[in-house]
Every structure is written in structure tokens, then in C-alpha cells.
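Let me begin by presenting the structure, written as C-alpha cells, before commenting on it.
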Amino acid sequence: STLGASAAERGGRYFGAAVAAGRLGDPTYSAILDREFNSVTAENEMKWDATEPSPNSFSYGRGDQIVNRALSRGMKVRGHALLWHAQMPGWAQGLSGSALRSAALNHVTKVATYYRGKVYAWDVVNEAFADDGRGSRRDSSLQRTGNDWIEAAFRAARAADPNARLCYNDYNTDGVNAKSNAVYAMVRDFKARGVPIDCVGFQAHLGTSLPGDFQANLQRFADLGVDVQLTELDIQQGGNQAAMYGAVTRACLAVARCTGITVWGIRDTDSWRTGANPLLFDGNGNKKPAYTAVLDAL
Ligand code: XIL
């Protein structure tokens with residue numbers, strides 16, 4: 001079987017990969033993508049700098065390449081990411097205050113409208129919390145427009161695409177810690193006040209150990225009434241990579257509202273984590289023990 005087909009048999013889940021438009025012409029890469037995965041995330045092509053290179057002027061060519069290719073093969077598309085402090089276009093980096101707020105919400109509205117009906121779930125806001133051990137919001141120009149910038153983004157996204165699942169996405173939130181507690185409090189507050197949020201993405205860029213409370217952490221978010229997804233999974237090679245991949249997969253399957261897993265690339269040589277060899281296929285496209293561990297778990 002394959003990752004996507006097996007995940008689909010486990011309660012209609014998906015198993016996805018981050019895809020780079022520039023690699024689609026590599027036949028080894030595209031063959032693995034088409035054989036194994038039933039969801040894609042554009043690695044960079046749907047970010048703010050790629051989609052709105054100048055104010056209110058949009059560029060969807062490379063994103064469309066990934067999205068239309070995936071949809072024509074029956075794959076899901078996760079949209080990544082509407083607002084993020086990184087990979088903002090230069091012109092938006094030069095804005096602050098109400099000008100930035102308006103530009104950001106216009107971006108959310110325009111991009112979510114363009115992709116309406118094509119995107120299964122959007123990372124509406126990415127990485128808005130700090131790693132200070134106190135659960136603070138990350139200091140950024142977006143945050144300085146006012147603490148309500150996140151809910152404003154979710155409301156704009158819902159209005160633009162009422163059928164997409166709207167996610168908050170972050171890293172270092174994989175176990176119970178100050179940062180995940182802060183995200184948890186935000187999601188609980190959004191649910192209590194009717195701010196539209198449907199899912200939480202856990203990037204799961206992991207080192208050589210898995211937090212002991214990984215599954216419990218996913219479950220507590222699911223218990224708030226949102227789906228949870230592992231959105232950018234990659235695991236450092238050097239510890240027991242295969243065992244960790246198996247454990248992560250089983251944790252998702254054990255949480256009814258964990259609806260899918262996305263790995264952040266296909267072959268180790270495609271990974272953004274140079275030297276970590278953190279993926280399921282080696283540089284020649286061969287299945288690693290980590291692949292077998294995931295397939296066995298599914
Ligand atoms: C990374 C891409 O993989 C790189 O190609 C790019 O240079 C930087 O961004 N968290 C995220 C992703 O949400 O968008 C990031 O992707 C990895 C960390």
C-alpha cells in the first residue's frame with residue numbers, strides 16, 4: 001500500500017507532503033509524490049512574499065502549479081500560510097500600524113477568495129507565539145498592530161472562504177509547555193467568543209526525542225472542539241528516527257480529531273533542514289526505515 005491510501009483507510013485521514021514547484025519536473029520526485037501522498041502543502045509558493053509581490057497585485061502562478069496539479073490527481077491542498085512574520089514581501093515589511101493591518105487583512109481576503117473551493121485547510125496565522133518560556137505573543141510588526149490581529153485574520157478568512165477549515169499553526173507546541181499552553185488558551189477563548197477557528201496545526205519539526213505528552217497535548221486541543229493536524233513533520237536522523245516516526249503516527253491515529261499528517265518534503269535532499277536527513281525517503285528516492293515505520297503504524 002501507500003501512505004496516502006493507508007491514511008485514507010484510517011478514518012479518511014490524509015498523508016501529505018510539502019511540495020516545491022521547482023522540483024515538480026524531477027521525475028523521481030514527482031513519481032513519489034503521486035504514488036504516496038494524497039495531500040500537498042506548497043513549501044513557499046503560497047506565502048505572502050510569493051503571492052503579493054507588490055501591494056494589492058497578486059501572483060498565483062507557482063502556487064497554481066502545485067494546487068491544480070494536486071487537485072487534478074484527487075489530492076487535498078493545505079494552504080500555507082496567509083499571515084506570518086517571516087517571508088513577508090519587502091513592501092509589507094515597510095508598513096506598520098493601521099496601514100499594515102489593512103494590508104494584512106486585504107491579503108487574507110484576496111488570497112483566500114482566489115483559492116476558494118480549492119483549499120481544504122488554511123494556515124491563517126503561522127508562528128504568532130514566542131519561545132520565551134512565558135507564552136508571550138511573538139513581537140512582530142503584525143502583533144504591534146494590536147493583540148486582536150489574529151482573530152481579525154480568522155474572521156476575514158472565514159468571510160472569504162466559508163468552506164475552508166481555518167487553522168492556527170506553530171512549532172515547539174508539540175508537548176505541553178508554556179507556548180502550547182498559550183496557544184491552547186487562545187483557541188479556548190476563540191471558541192468561547194465565536195471567533196471562527198477549526199483546527200490547530202502542530203508543525204512537529206522534531207529533534208531526536210518526542211515529548212512524552214505528545215498525544216495528550218493533541219488530545220487536549222481536540223477536546224476544545226477543533227481538529228488537529230501534524231503540518232510540517234520532519235525528525236532529525238541520528239536518534240531512533242524510525243521509531244519516532246512510528247510513535248508520532250500512532251499518536252495521531254489515537255486522537256479521533258487528528259485528521260492528517262504532512263511531512264515537510266519528500267527526500268532528505270529536499271529538506272530545508274540541511275544535514276538532518278529528517279524525511280521518509282533518501283536522496284535517491286528509496287524508502288527509509290522511517291517510511292516503513294509510518295506505513296506499519298497506519
Ligand atoms: C521553510 C521552507 O521549507 C524553506 O524552503 C524556506 O526557505 C523557509 O521556510 N515553518 C514554516 C514553514 O511554517 O513555512 C517553513 O518553511 C519552515 C518552518
Side-chain angles (χ1 to χ4, degrees), residues 16-26 29 32-33 37 39-53 59 62-63 65-67 70 77-90 92-93 104 107-108 111-112 115 119-131 137-138 140 142-143 150 153-154 157 165-175 179-180 183 186 197 199-207 228-237 248 260-281 283:
V19 169
R23 297 185 196 273
L24 288 170
D26 173 339
Y29 181 88
I32 299 170
L33 171 61
F37 297 98
S39 173
V40 300
T41 305
E43 188 174 0
N44 290 298
E45 293 79 353
M46 291 165 76
K47 293 173 180 176
W48 195 350
D49 59 354
T51 51
E52 195 181 359
S59 157
R62 292 187 319 134
Q65 232 186 299
I66 294 173
V67 168
V77 173
R78 288 196 86 261
H80 175 78
L82 292 170
L83 294 181
W84 185 26
H85 67 277
Q87 292 179 274
M88 282 168 61
Q93 291 177 38
H107 181 75
V108 170
V111 177
Y115 282 113
V119 168
Y120 156 76
W122 265 113
D123 291 330
V124 177
V125 170
N126 195 32
E127 301 185 355
F129 285 83
D131 294 293
R137 289 284 182 88
R138 175 189 300 277
S140 70
L142 287 162
Q143 180 61 29
I150 299 180
F154 276 83
R165 317 230 13 114
L166 305 182
C167 306
Y168 176 79
N169 192 52
D170 215 327
Y171 68 93
N172 282 349
T173 49
D174 312 302
K179 190 174 181 179
S180 65
V183 176
M186 179 186 75
I197 184 167
C199 37
V200 175
F202 298 83
Q203 293 185 10
H205 295 296
L206 297 170
V228 296
Q229 305 176 339
L230 307 180
T231 53
E232 304 182 17
L233 177 63
D234 52 16
I235 302 177
Q236 169 85 41
Q237 190 163 279
V248 165
I261 300 176
T262 298
V263 286
W264 204 243
I266 294 179
R267 301 162 300 194
D268 285 337
T269 43
D270 303 316
S271 174
W272 71 304
R273 293 172 69 182
T274 313
N277 295 318
L279 294 172
L280 301 178
F281 296 87

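Note that the structure is predicted; figures quoted are calculated from it, not measured. Counting starts at 1 for both ligands and their atoms, following the listed order.
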Sorted by chain and number, sequence neighbours left out, salt bridge (charged side-chain N to carboxylate O under 4.0 Å, His left out) with Lys179 holds for Asp131, Asp170
The salt bridge (charged side-chain N to carboxylate O under 4.0 Å, His left out) partners of Arg273 (sequence neighbours excluded) come to Asp234
Would you please say whether a donor-acceptor pair under 3.5 Å links the side chains of Gln229 and Arg165?
-> no
Counterpart residues, side-chain contact (heavy atoms from CB on, under 4.5 Å), relative to Ala50 (two or more places apart) |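 Ala50: side-chain contact (heavy atoms from CB on, under 4.5 Å) contacts with Arg62.
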With respect to Leu82, which candidate in Leu166, Val108, Thr51, Val125 satisfies the side-chain contact (heavy atoms from CB on, under 4.5 Å) definition?
-> Val108
Side chain Asp268, main chain Leu279, donor-acceptor under 3.5 Å = yes
Give me the pairs of N or O atoms, one from ligand 1 and one from the protein, that sit under 3.5 Å apart.
unit_1: ligand 1; atom_1: 3 (O); unit_2: Glu43; atom_2: OE2; d: 2.5
unit_1: ligand 1; atom_1: 3 (O); unit_2: Trp264; atom_2: NE1; d: 2.9
unit_1: ligand 1; atom_1: 5 (O); unit_2: Glu43; atom_2: OE2; d: 3.3
unit_1: ligand 1; atom_1: 5 (O); unit_2: Asn44; atom_2: ND2; d: 2.9
unit_1: ligand 1; atom_1: 9 (O); unit_2: Lys47; atom_2: NZ; d: 3.2
unit_1: ligand 1; atom_1: 9 (O); unit_2: Gln87; atom_2: OE1; d: 3.3
unit_1: ligand 1; atom_1: 10 (N); unit_2: Glu127; atom_2: OE2; d: 3.1
unit_1: ligand 1; atom_1: 10 (N); unit_2: Gln203; atom_2: OE1; d: 3.3
unit_1: ligand 1; atom_1: 10 (N); unit_2: Glu232; atom_2: OE1; d: 3.0
unit_1: ligand 1; atom_1: 13 (O); unit_2: His80; atom_2: NE2; d: 3.3
unit_1: ligand 1; atom_1: 13 (O); unit_2: Asn126; atom_2: ND2; d: 2.9
unit_1: ligand 1; atom_1: 13 (O); unit_2: Gln203; atom_2: NE2; d: 3.4
unit_1: ligand 1; atom_1: 13 (O); unit_2: Glu232; atom_2: OE1; d: 3.3
unit_1: ligand 1; atom_1: 13 (O); unit_2: Glu232; atom_2: OE2; d: 2.7
unit_1: ligand 1; atom_1: 14 (O); unit_2: Lys47; atom_2: NZ; d: 2.8
unit_1: ligand 1; atom_1: 14 (O); unit_2: His80; atom_2: NE2; d: 2.7
unit_1: ligand 1; atom_1: 16 (O); unit_2: Lys47; atom_2: NZ; d: 3.3
unit_1: ligand 1; atom_1: 16 (O); unit_2: Trp264; atom_2: NE1; d: 3.3

